Amino acid sequence: RRHTRLQGDWSSDVCSSDLLLIISSCQKKDKAKTNDNSPKSYDFTINGKIMNIRDQRFIIQKMSFSNITSEKADTGYLKNGTFSISIKAPEEALYQLMTDDGATFLFINDQNKIELTGKDGSLDINNTSINTPANSTLQNLFNKINTYNSELAQTDEAVKKLKEEGNDSLFLQGMDKLNAQVGDFNNYLLNVFKTTSDPIIATITLGNAIFPDPQQLKPYLDDLSKRFPSHKGIAGMVKDFYASNVAGGSSQNNNDQES
């Protein structure tokens, strides 16, 4: 079964999420959860100061999680470690900054003025930051996901070796440990999903959650649609999910009943 993950890919066997993730276009927070400091428009200017990087071009592109072609990219130039670029944006979204050297950084346009600082040209998440509320949450989320992915990958590899060695007792213990780690990972992600008021954060957490059956995503997607009803990116993603999964799931259910 296909699965798509934001950061890393630790297993093709245990389970999967068929949510078309991330890199995604999202939109305004719902009115009930939007505070007075939120922008009236999502046009934004991003100013950057990056240390130890050569002069070069860069692009900023809005990412999409529905089955559509990539958005048009805005191009800028980084000189003496600084840049500034203004971008028209109809809604809150996930954006990717990519330099000519191939370094990339993901951010959210949750404010009209965004300040990026980096310690080097790698744009590594641990050395680069944008101190707006959504981006601080995004950075913490990515770090947490990376930590979980690393732990899951290590356990998954150990379990596979035990299976190859035919050590059934230790293999079962390893599977119990792996399932417990998956459960902790899901609980963390779904808790963030339920409590966040930001559509981008909600979508990223849901897209990284692990579901044995894609049909288990349906109530969460319905909740996402209700919380952000005018969100075009979410609407497109949910439509794609139902088009590619519900029909197949219904067909499978009918076959099970007939058998």
Side-chain angles (χ1 to χ4, degrees), residues 3-11 14-35 37-38 63-66 91-96 105-111 114 125-126 128-153 155 178-231 233-235 237-238 241:
H3 64 294
T4 308
R5 305 293 299 282
L6 177 61
Q7 298 281 332
D9 182 4
W10 58 272
S11 173
V14 179
C15 36
S16 69
S17 169
D18 278 38
L19 185 61
L20 297 175
L21 179 58
I22 271 186
I23 295 191
S24 101
S25 98
C26 287
Q27 71 81 265
K28 291 185 179 180
K29 302 181 180 76
D30 51 319
K31 293 181 179 179
K33 295 183 178 181
T34 300
N35 59 44
N37 295 323
S38 61
M63 313 309 290
S64 171
F65 29 49
S66 58
E91 56 193 16
E92 185 177 318
L94 183 69
Y95 284 83
Q96 178 178 245
F105 187 79
L106 295 173
F107 68 93
I108 301 170
N109 61 319
D110 61 324
Q111 293 187 359
I114 298 172
I125 191 170
N126 294 312
T128 311
S129 64
I130 296 177
N131 291 324
T132 67
N135 284 292
S136 294
T137 300
L138 185 67
Q139 185 169 15
N140 291 333
L141 178 61
F142 282 1
N143 283 329
K144 194 78 170 181
I145 289 172
N146 285 336
T147 298
Y148 269 117
N149 280 340
S150 178
E151 293 174 351
L152 290 170
T155 304
L178 182 61
N179 289 331
Q181 287 177 321
V182 170
D184 289 343
F185 182 58
N186 266 13
N187 288 338
Y188 164 74
L189 291 172
L190 294 178
N191 182 63
V192 176
F193 169 79
K194 293 173 183 177
T195 57
T196 185
S197 62
D198 188 276
I200 302 286
I201 300 299
T203 306
I204 289 174
T205 53
L206 185 58
N208 278 273
I210 301 168
F211 297 90
D213 183 348
Q215 300 305 310
Q216 293 176 326
L217 271 169
K218 290 167 60 178
Y220 294 99
L221 290 172
D222 292 343
D223 179 51
L224 195 63
S225 297
K226 291 178 181 177
R227 287 162 62 189
F228 310 104
S230 59
H231 187 303
I234 288 176
M237 179 191 66
V238 172
F241 173 85

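Reckoned from all heavy atoms, side chains included, excluding hydrogens, waters and symmetry mates. What you are looking at is a predicted structure, and each value in this text was computed from that prediction instead of being measured.
- The side-chain heavy atoms of N135 and Q139, taken from C-beta on, include no pair separated by under 4.5 Å.
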**Message:** Determine whether L190 and Y220 satisfy the following criterion, side chain to side chain contact (heavy atoms under 4.5 Å, CB included), listing intermediate values before the conclusion.
**Reply:** CA-CA 9 Å; L190 294 178; Y220 294 99; 3.6 Å; yes
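- A donor-acceptor pair under 3.5 Å is absent between the side-chain atoms of N186 and the main chain of A209, judged by distance alone.
- Between I145 atom CD1 and N140 atom CG the span is 11.0 Å, to the nearest 0.5 Å.
- Put simply, the side chain of I130 does not reach to within 4.5 Å of the side chain of L138, judged on heavy atoms.
- Residues D184 and Y148 have side chains in contact (heavy-atom distance under 4.5 Å, counting atoms from C-beta outward).
- The residues D222 and K226 are annotated as not salt-bridged, no charged nitrogen and carboxylate oxygen being separated by less than 4.0 angstrom.
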**Request:** Begin with the C-alpha distance, continue with both residues' side-chain angles, and end with the deciding distance and a verdict on side chain to side chain contact (heavy atoms under 4.5 Å, CB included) for D110 and I200.
**Result:** CA-CA 10 Å; D110 61 324; I200 302 286; over 6 Å; no
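- N143 has its side chain within reach of N126: a pair of non-hydrogen atoms, C-beta onward, lies under 4.5 Å apart.
- Side-chain contact between L189 and F193 is absent, with no heavy-atom pair separated by less than 4.5 Å.
- Nearest approach of S136 to N131, heavy atoms of both residues: OG-CA, 4.1 Å.
- Inter-residue side-chain proximity for Y95 and L106 is flagged as unmet; no heavy-atom pair is nearer than 4.5 Å.
- Atoms CG and CD, on L178 and E151 in that order, are 11.5 Å from each other to the nearest 0.5 Å.
- Although no hydrogens or angles enter the test, the distance criterion places no donor-acceptor pair under 3.5 Å between the side chain of S150 and the main chain of N146.
- The heavy-atom pair separating P199 from I234 by the smallest distance is CB-CD1, 4.1 Å.
- The shortest heavy-atom contact between L217 and F241 is CD1-CE1, 3.7 Å.
- The distance from atom OG1 of T205 to atom CG of N191, rounded to the nearest 0.5 Å, is 9.5 Å.
- Under the 4.5 Å side-chain criterion, counting only non-hydrogen atoms from C-beta, K144 is in contact with Y188.
- The shortest side-chain heavy-atom distance between F185 and L152 falls under the 4.5 Å cut-off.
- Between M63 and Q96, the shortest heavy-atom distance links the atoms SD-CB, 3.6 Å.
- The two residues A202 and F228 make their nearest non-hydrogen contact at CB-CE1, 4.2 Å.
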**Request:** Could you give me the CA-CA distance, side-chain angles and deciding distance for T132 and Q111, then say whether side-chain hydrogen bond (donor to acceptor under 3.5 Å, both in side chains) is met?
**Result:** CA-CA 7 Å; T132 67; Q111 293 187 359; 5.5 Å; no
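- Tested against T196, the residues T137, I204, I201 include a single side chain to side chain contact (heavy atoms under 4.5 Å, CB included) partner, I201.
- Shown here for N109 and I114, the closest heavy-atom pair between the two residues is CA-CD1, 3.7 Å.
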